[in-house]
Amino acid sequence: MQIATFDKCVNEIKQNGNLPIVLEALWDGDTNGWYLYLRLYAERKTFLNKKLEHYDLGVVSLGNDARLFTGEEPAWPEATLAKALGKHANEKYGITFYFPSPDEPDDDCPSWTQRHLAINCADCNKLIIPTTSPYLSKDACYNCHLRRESNDKLRKAAPCNEGFHLYISDGNNEERNAYSTNFEGLSLAPYIQHLVDIKNPSDVINIIIIPTAGLPEIIGKLEESLEHHLSNFSEAPEQKLSGYARHVTIANYKGKSYRLLNHPMYRPHYEISDLIDTLEELNQTYASNKHFKVIFKNGINSRDDSILRFIYYVSKGSATISDIEKRYTGVLSTEEITSTLHKLQSLQCVEIIDNTVSILQKGRYII
């Protein structure tokens with residue numbers, strides 16, 4: 001049951017009929033994102049003793065994790081609501097509000113009855129159940145472990161060249177069309193390899209433009225590949241189709257329909273579906289007189305990437321140098337930040353005017 005108001009929470013507390021002791025809020029998650037699970041611990045009196053019982057009140061869920069990429073504030077409104085509910089419950093009933101991770105989702109925190117088994121995270125001090133994984137920090141929560149790893153990469157200026165970006169442009173407006181951690185993962189990769197081979201390996205950022213006039217040649221090569229695949233086309237076995245029913249799609253090509261099992265586990269159909277989609281997109285791009293850009297990175301490190309992301313995503317495209325220094329306090333020195341900003345300026349990724357750093361189009365390309 002969803003809990004979004006204090007009245008609803010109070011009604012659930014009243015209904016159990018016993019003496020409320022603790023209101024607990026713990027994080028949990030599923031494929032839709034994180035949510036908070038509210039539980040009430042209450043004392044039930046018997047003839048000879050008292051017994052602590054728990055009652056599941058419901059969940060607090062106010063969206064999905066997509067908001068992390070849209071800059072919505074606060075990032076975790078569930079925590080804000082839960083803290084308000086806990087404050088009111090404490091004032092009205094005098095009960096303890098137990099919320100071991102109020103700042104960020106963490107499902108490694110102990111319940112109220114397990115807190116004696118927990119330790120305090122060495123970095124953020126919240127209660128956690130010690131991990132048994134040999135790959136995680138024994139004295140830190142998972143989020144702090146990730147921050148330690150990230151900060152270590154920043155200090156070492158670890159390489160950050162992975163990732164290839166594909167944009168569609170009309171000369172004035174651009175939109176990101178695709179991203180892949182490796183070049184071969186781009187659908188167009190086999191048909192533009194000859195263009196990529198001539199890029200300058202000494203350039204830190206390579207921008208390969210595929211002009212509108214060059215698209216018919218690529219479309220022709222892609223049609224040849226598609227027709228070769230279709231010449232060997234056969235229906236997927238019924239047991240496959242029933243097992244992956246929600247991935248079955250109907251694709252049309254040159255007046256003929258194909259029933260495809262569009263799932264990576266069934267490569268013959270998956271490749272045909274990908275080719276048809278890519279061909280349709282190429283034709284639309286050509287008909288709209290647009291062109292493609294492929295962005296390659298070589299020599300970008302974690303400091304460059306992190307500072308660009310801070311300027312663009314956190315600071316909405318522009319940040320003062322003092323704000324950047326504050327963000328990396330205890331991780332990077334002033335000299336390291338200054339050196340990184342000068343590098344990004346020389347690459348035409350940022351513009352620095354007085355004390356303000358603004359991201360440029362080239363900088364947006366690579367994050």
Side-chain angles (χ1 to χ4, degrees), residues 30-33 64-67 69-70 162-199 207-296 364-365:
D30 55 25
T31 54
N32 293 317
N64 58 50
D65 292 359
R67 58 200 152 166
F69 305 98
T70 60
E162 71 279 0
F164 298 83
H165 305 270
L166 184 67
Y167 284 80
I168 296 178
S169 173
D170 63 4
N172 295 313
N173 302 302
E174 296 181 333
E175 60 176 312
R176 183 175 296 180
N177 172 261
Y179 168 83
S180 177
T181 54
N182 54 73
F183 177 66
E184 291 72 20
L186 295 175
S187 298
L188 287 180
Y191 313 101
I192 60 173
Q193 185 65 56
H194 61 293
L195 298 173
V196 173
D197 289 339
I198 63 174
K199 67 182 176 66
I207 301 175
I208 306 298
I209 296 177
I210 305 171
T212 308
L215 293 182
E217 180 184 353
I218 297 173
I219 290 172
K221 291 180 179 178
L222 201 146
E223 285 179 333
E224 287 180 12
S225 178
L226 175 57
E227 287 171 6
H228 172 73
H229 279 73
L230 290 175
S231 67
N232 299 310
F233 174 80
S234 61
E235 287 278 354
E238 278 302 322
Q239 64 268 27
K240 283 278 188 183
L241 289 173
S242 59
Y244 295 93
R246 65 190 181 94
H247 296 283
V248 176
T249 60
I250 303 298
N252 297 297
Y253 179 68
K254 291 188 175 180
K256 188 174 181 180
S257 296
Y258 299 88
R259 188 168 65 152
L260 302 174
L261 177 52
N262 188 12
H263 192 281
M265 293 295 290
Y266 198 69
R267 296 301 301 179
H269 286 195
Y270 186 73
E271 290 172 356
I272 290 173
S273 178
D274 187 51
L275 284 168
I276 290 175
D277 289 344
T278 304
L279 182 59
E280 181 180 350
E281 187 172 62
L282 278 169
N283 281 319
Q284 289 177 353
T285 302
Y286 180 65
S288 302
N289 199 33
K290 296 180 180 180
H291 59 271
F292 287 96
K293 288 183 180 180
V294 188
I295 316 300
F296 298 81
R364 290 192 288 269
Y365 276 147

Just verifying a value: how many Å separate [X] [atom1] and [Y] [atom2], rounded to the nearest 0.5 Å?
X      : Y      : atom1 : atom2 : value
Ile218 : Thr285 : CD1   : OG1   : 10.5 Å
Glu235 : Leu261 : CD    : CG    : 10.0 Å
Tyr365 : Lys293 : OH    : NZ    : 3.0 Å
Leu226 : Glu223 : CG    : CD    : 8.0 Å
Leu230 : Lys256 : CG    : NZ    : 8.0 Å
Lys221 : Leu279 : NZ    : CG    : 14.5 Å

**Prompt:** In terms of the angle between their ring planes, are His263 and Tyr244 parallel, tilted or perpendicular, with boundaries placed at 30° and 60°?
**Reply:**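 Because their plane-to-plane angle lies in the 30° to 60° range, the rings of His263 and Tyr244 count as tilted.
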
**Request:** Name the orientation class of the two ring planes belonging to Tyr167 and His165 (parallel below 30°, tilted from 30 to 60°, perpendicular beyond 60°).
**Result:**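 Judged by the thresholds at 30° and 60°, the geometry between Tyr167 and His165 is tilted.
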
**Prompt:** Sub-3.5 Å donor-acceptor pair from the side chain of Thr212 to the main-chain atoms of Lys290, do we have one?
**Reply:**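 Pair found, side chain donor or acceptor close to backbone of Lys290.
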
**Prompt:** Would you say His269's side chain and Phe233's backbone share a donor-acceptor pair under 3.5 angstrom?
**Reply:**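 Not at all, since once roles are kept as given, no pair shorter than 3.5 Å links the two residues.
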
So, for [X] and [Y], which heavy atoms are closest and what is the spacing to 0.1 Å?
X      : Y      : answer
His291 : Ile210 : CB-O, 3.1 Å
Phe292 : Ile168 : CE2-CG1, 3.4 Å
Asp170 : Asn173 : OD1-N, 2.7 Å
Leu275 : Leu222 : O-CD2, 3.4 Å
Gly185 : Ser180 : CA-OG, 3.2 Å
Tyr266 : Pro237 : OH-CD, 3.6 Å

**Item:** Proximity of Tyr258 and Tyr253 rings by center, below 6.0 Å
**Value:**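 No, ring centres 6.0 Å or more apart.
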
**Item:** Side-chain donor-acceptor contact under 3.5 Å, Glu217 with Tyr191
**Value:**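 Judged by distance alone, the side chains do not pair up.
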
**Request:** Kindly indicate whether the side chain of Lys254, heavy atoms from C-beta on, has any atom under 4.5 Å from the side chain of Glu227.
**Result:**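 Counting from C-beta outward, Lys254 and Glu227 do come under 4.5 Å.
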
**Request:** Look at atom OH of Tyr270 and say whether more than 12 heavy atoms of other residues, nucleotides or ligands are closer to it than 6.0 Å.
**Result:**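 Incorrect, the count does not exceed 12.
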
**Asked** Would one find more than 12 heavy atoms of other residues, nucleotides or ligands at under 6.0 Å from atom OH of Tyr286?
**Response**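 Incorrect, the count does not exceed 12.
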
**Item:** Test applied, side-chain contact (heavy atoms from CB on, under 4.5 Å); reference residue, Thr278; option that passes from Ser187, Ser273, Ser225
**Value:**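 The side-chain contact (heavy atoms from CB on, under 4.5 Å) with Thr278 is passed solely by Ser187 among Ser187, Ser273, Ser225.
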
**Item:** side-chain contact (heavy atoms from CB on, under 4.5 Å) evaluation trace for Ile208 with Phe164
**Value:** CA-CA 11 Å; Ile208 306 298; Phe164 298 83; over 6 Å; no

